[in-house]
Amino acid sequence: ADTNNGTVPTPLTNYLDTQYFGEISIGSPAQMFNVVFDTGSANLWVPSQSCSPFSTACFTHNRYDASKSRTYIENGTGFSIQYASGNVRGFLSEDVVVVGGIPVVQVFAEATALSAMPFIFAKFDGVLGMGYPNAAIDGITPVFDHIMSQHVLKEEVFSIYYSRDPKRSPGGELVLGGTDPNYYTGSFNYINTRQTGKWELTMKGVSVGREMMFCAEGCTAVIDTGSSYITGPASSVSVLMKTIGAQLDESGYKVNCDTVKTLPSVKFLLGGQEYSLTQEDYILWQSQIEGEVCTVTFRGLDVPPPTGPIWILGANFIARYYTEFDRRNNRIGFATAV
Ligand SMILES: CCN(C(=O)c1cnc(C)nc1NCc1ccco1)[C@H]1CCCNC1
């Protein structure tokens, strides 16, 4: 692919500040899919033409049809991925996948069963894992690793911009091979990833206002471009929510919209820098039939040891801090998003 100076931008769609996805193609002729570029996982899956009609989540999305692709290569190995929020089952296939105009021959999963929760709410069809190879199920080489081995990228990095304003276009941007100065200001602060071969950092504390309330002894922060919210250990998040006067209901933590302007900043101490989120950044203000609803974009999630306890910094964090994922130096860079 003729990549302009070795960096390749892909525009992303922003759905309600909670889902960001971009278009890829699989097969010849091209079959188009909307996928989440997800640093929290390392496999590519899309719904399959052969999914059961009873799998509503599968049926309501674009589906890959191997019989219509002349570059399809059969594999058939079983596949199953388990997220905290749901699961995906299917089988492996191989075909030409094009991301940002760069073609790779890729082993991916055709999903034949998608759990209704949460995928009936997905505006995207599938997930393109941007994680490290050792996080990939079935030992499959991830898409970005195939792209790196083509030596078409200026740098072995990729960057993510998520817009905060649903009306703003583009809703976001993935850059393969570099960063896009149009979407950040100032310089990057870099933090080395832990040796785990995952996009995770050591966090030195979480403060509310001026008080450090959590993770003072150090904890793990996963930078997950595929998660909408920030999650932390349920006990910590419930204390944090009590501090800001949020109530938990069936669809998450809510605050009275009148109190939003008085809410404190929440700060994450990473690599000697404090990354602050103001109420602007962590409150999702939605006008619904019953009036204004203000959702706090934090969720409690207990990840069992040895992986957990962890904090997951998702889209609401990335929307504030433009993020560069550096595979060459195994580090993550943050700059203030514009
Ligand atoms: C994609 C699966 N994920 C979701 O959190 C998720 C689930 N279900 C829906 C409907 N949306 C999700 N993410 C929307 C989104 C897009 C970009 C930012 O957030 C996570 C699972 C763990 C690894 N990381 C990804």
Side-chain angles (χ1 to χ4, degrees), residues 10-24 33-47 55-58 60-62 79-90 108-109 111 113-132 135-137 142-144 158-164 166 170-174 196 198-200 220-232 251-252 281-282 284 295 297-304 307-308 310-323 325 337:
T10 297
L12 303 178
T13 300
N14 170 358
Y15 172 68
L16 297 182
D17 283 357
T18 55
Q19 296 183 32
Y20 296 81
F21 45 85
E23 202 170 52
I24 65 167
F33 297 94
N34 286 316
V35 295
V36 170
F37 293 98
D38 175 23
T39 53
S41 65
N43 289 81
L44 169 61
W45 64 262
V46 292
S55 169
T56 316
C58 191
T60 55
H61 288 97
N62 294 310
F79 175 87
S80 147
I81 189 164
Q82 193 73 31
Y83 302 122
S85 51
N87 55 51
V88 175
R89 271 201 326 283
F108 63 98
L114 285 176
S115 53
M117 291 300 290
F119 296 112
I120 47 172
F121 300 112
K123 289 296 173 194
F124 52 88
D125 301 309
V127 173
L128 193 155
M130 297 293 283
Y132 281 80
I137 289 167
V143 170
F144 192 67
F158 60 90
S159 301
I160 292 272
Y161 160 68
Y162 283 161
S163 81
R164 268 168 284 183
E173 186 187 66
L174 163 75
T196 52
K198 286 185 182 163
W199 291 117
E200 55 187 33
T220 300
V222 175
I223 311 304
D224 184 358
T225 56
S227 287
S228 310
Y229 297 148
I230 288 176
T231 69
S251 63
D281 301 313
Y282 68 77
L284 204 55
T295 304
T297 59
F298 281 76
R299 287 267 166 86
L301 176 70
D302 287 315
V303 176
T307 315
I310 58 170
W311 290 74
I312 298 175
L313 304 184
N316 53 346
F317 185 87
I318 292 163
R320 174 72 194 273
Y321 296 103
Y322 185 96
T323 310
F325 296 86

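When a ligand or atom number is given, it counts from 1 through the structure's own listing order.
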Describe, in one word, how the ring planes of Y83 and W45 are oriented to each other, choosing from parallel (under 30°), tilted (30 to 60°) and perpendicular (over 60°).
tilted

Contacts for ligand 1, heavy atom under 4.0 Å, by chain and number, are T18, Q19, Y20, V36, D38, G40, Y83, S85, P118, A122, F124, V127, Y162, D224, T225, G226, S227, S228

Holding to side chain to side chain contact (heavy atoms under 4.5 Å, CB included), I want the full list of residues that pass it with T13, two or more places apart in sequence or in another chain.
F21

Distance (rounded to the nearest 0.5 Å) between Y321 OH and T323 OG1
10.5 Å

Which residue in the set I310, T231, I230 passes side chain to side chain contact (heavy atoms under 4.5 Å, CB included) when paired with L301?
T231

Does atom CZ of R164 have more than 12 heavy-atom neighbours from other groups under 6.0 Å away?
yes

Centres of the W199 and F144 rings: under 6.0 Å?
no

